[in-house]
Amino acid sequence: MSIELVLIPVGIAVAQSVGSMIEKHKQGGNTYKIQTVMKRQHLLQKAIEQYGCNVHEINQQNYRTEIGDIKIYFQQNEHDIFEAVFDESVEQQDALEFLENLHSEYKYLIQQETYKKLMQQASQKGLELESEEIQQDRSILLTFNVNTIGR
């Protein structure tokens, strides 16, 4: 008997409309913030770095990165979800495009973490990897043989 699993780099559905994700930053005056779908600090940091930007940790809940002379701040809200804070001089469309690219990288990193955990636990659960195929959409098709000996 075999089992097929597909790891898709989608992971997170955004339930909010783009318009509701943009909010004027109340304290900064000349800034606005956009809620992201990112919660894991280490993956956010890695996604920013893989996007080609340096990350400066202000504290565990706040990061700053720069693209050229544009500074972007990431801060965790009360729900532990990161919000990106942009200066009003940055066009909102450009900010959304940057975050969309960052979300893609973040989702890919979640897929990689899931893959590693799955592969580590598979043999413990009596699963033997039969085949692995990486699809064009970056999803991974895994086929496992179920080893029932010893159960």
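Since this is a predicted model, take the numbers as computed values, not measurements.
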- Query: Taking side chain as C-beta onward, heavy atoms only, is Arg40 less than 4.5 Å from Leu109?
  - Reply: no
- Task: Flag the pair Lys107 / Arg138 as yes when at least one side-chain heavy-atom distance between them is below 4.5 Å, and no otherwise.
- Result: no
- Taking all non-hydrogen atoms of both residues, which atom of His103 and which atom of Val37 are closest, and how far apart? NE2-N, 3.4 Å
- Are the side chains of Lys33 and Asn77 in touch, meaning some heavy atoms are under 4.5 Å apart? no
- Taking C-beta and beyond as the side chain, do Gln61 and Gln75 meet within less than 4.5 Å on heavy atoms? no
- Item | Side chain to side chain, Ile140 and Glu132, heavy atoms closer than 4.5 Å | yes
- Item | Spacing of His56 atom NE2 and Lys71 atom NZ [to the nearest 0.5 Å] | 9.0 Å
- In Å, rounded to the nearest 0.5 Å, how long is the span from CG of Leu96 to CD1 of Ile34? 4.5 Å
- Any side-chain heavy atom of Leu129 sitting closer than 4.5 Å to one from Leu142? yes
- Query: With distance as the sole criterion, is a donor-acceptor pair present between the side chains of Gln35 and His79 under 3.5 Å?
  - Reply: no
- Query: Quick one: CD on Glu83 to CD1 on Ile81, what's the gap to the nearest 0.5 Å?
  - Reply: 8.5 Å
- Using distance alone, with no hydrogens and no angle criterion, decide if Gln45 and Glu57 have a side-chain donor and acceptor under 3.5 Å apart. no
- Heavy-atom pair of closest approach, residues Glu49 and Val55: CG-CG2, 3.8 Å
- Do we see a donor-acceptor contact under 3.5 Å between the side chains of Glu128 and Asn145? no
- Heavy-atom donor-acceptor pair, Thr65 side chain to Asn54 backbone, under 3.5 Å: yes
- Message: Taking Lys39's backbone N and O only, do any of them form a donor-acceptor pair with Tyr106's side chain (distance below 3.5 Å, no angle check)?
- Response: yes
- Query: Nearest 0.5 Å, what's the CD-OG1 distance between Gln76 and Thr36?
  - Reply: 9.0 Å
- If we only count heavy atoms from C-beta on, is the Val90 to Phe98 side-chain gap below 4.5 Å? no
- Specify the closest pair of heavy atoms between Gln111 and Ser139, including all atoms of both residues, with the distance to one decimal. NE2-CA, 3.7 Å
- Using 30° and 60° as the class limits, which term best fits the ring planes of Phe82 and Tyr63: parallel, tilted or perpendicular? tilted
- Message: Minimum heavy-atom separation for Asp87 and Thr31, please, with both atom names.
- Response: CA-CG2, 4.1 Å
- Using the ring of each side chain (for Trp, its six-membered ring), is Phe86 parallel, tilted or perpendicular to Tyr32, with breaks at 30° and 60°? parallel
- Item | Gap between atom OH of Tyr115 and atom CD of Gln120 - 0.5 Å precision | 11.0 Å
- Query: Counting N and O atoms only, with roles assigned by atom type, does the side chain of Ser104 sit under 3.5 Å from a partner on the main chain of Glu100, one being a donor and the other an acceptor?
  - Reply: yes
- Query: From Tyr73 OH over to Ile58 CD1, what is the distance, rounded to the nearest 0.5 angstrom?
  - Reply: 6.0 Å
- What are the two closest non-hydrogen atoms of Ile72 and Ala84, and how far apart are they? CG2-CB, 4.4 Å
- Validation row: Leu127, Val146 side chains within 4.5 angstrom (heavy atoms): yes
